[in-house]
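Taking it in order: structure first as structure tokens, then the write-up.
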Amino acid sequence: VNATLKELHLYNNGIDGEGAAAIAFALKANRSLERLNLQGNEIGSEGAKHIAGALQVNATLKELHLYNNGIDGEGAAAIAFALKANRSLERLNLQGNEIGSEGAKHIAGALQVNATLKE
């Protein structure tokens, strides 16, 4: 397990749900990464669910950028569920997705519980 990497920028790389699953698997074990930028990929809600699973156990990630990834309300719900358990994330960018009103409601509910998010 890499113990020195602090930032990983993988934006605009055509990463899909399967790729996001691999990243999430690594994120579960990683204890150094603080910033992950996946903006402009194609992880969709499948990938968002995998990333959400990692957020539930990862204790070091402070910034996560999921801008423009085709995430819908279902993916937003998974991320919201993870935010209720996560105690390290300070910045989350979901801009440019299609989370809709239902997804927004889930995120809003998570914000009532999460005490670490600042942006």
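Between the CD atom of Gln39 and the CG atom of Leu36 there is a distance of 11.0 Å, given to the nearest 0.5 Å. The CG atom of Asn114 sits 10.0 Å away from atom CD of Glu90, with the distance rounded to the nearest 0.5 Å. Atom-to-atom distance recorded for Asp16:CG and Asn41:CG is 9.0 Å, nearest 0.5 angstrom. Note: Leu33 CG to Asn2 CG = 8.5 Å, rounded to the nearest 0.5 Å. The distance from the CG atom of Asn68 to the CG atom of Asn93 is 10.0 Å, given to the nearest 0.5 Å. Atoms NZ and OG, on Lys62 and Ser88 in that order, are 8.5 Å from each other to the nearest 0.5 Å.
For Gln56, the CD atom sits in a packed shell: over 12 heavy atoms of surrounding residues, nucleotides or ligands are nearer than 6.0 Å.
Both Leu5 and Leu10 sit in one connected hydrophobic cluster of ILVMFWY residues. Membership requires side-chain heavy atoms under 4.5 Å apart, directly or through other members. In terms of hydrophobic clustering, with Ile, Leu, Val, Met, Phe, Trp and Tyr side chains grouped at heavy-atom distances under 4.5 Å, Leu111 and Leu94 are assigned to a common cluster. Tracing side-chain contacts under 4.5 Å through hydrophobic residues (I, L, V, M, F, W, Y), one reaches Ile43 starting from Leu8; they form part of the same cluster.
The minimum heavy-atom distance between Ala24 and Ala54, with the atom names listed, is O-CB, 3.5 Å. For the residue pair Glu42 and Asn69, the shortest heavy atom distance occurs at N-OD1, 3.4 Å. The two residues Lys84 and Val113 come nearest to each other via the heavy atoms O-CG1, 4.0 Å. Minimum heavy-atom separation, Ile71 to Ala76: CG2-N, 3.8 Å. The two residues Ser45 and Gly75 come nearest to each other via the heavy atoms OG-N, 3.2 Å.
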Kindly indicate, with the supporting measurements, whether the criterion side chain to side chain contact (heavy atoms under 4.5 Å, CB included) is fulfilled by Arg91 and His65.
-> CA-CA 8 Å; Arg91 181 182 223 181; His65 299 275; 4.0 Å; yes
Going through the distances and angles, do Glu46 and Lys49 end up as a salt bridge (Lys or Arg N to Asp or Glu O under 4.0 Å)?
-> CA-CA 5 Å; Glu46 175 191 347; Lys49 290 176 189 176; over 6 Å; no
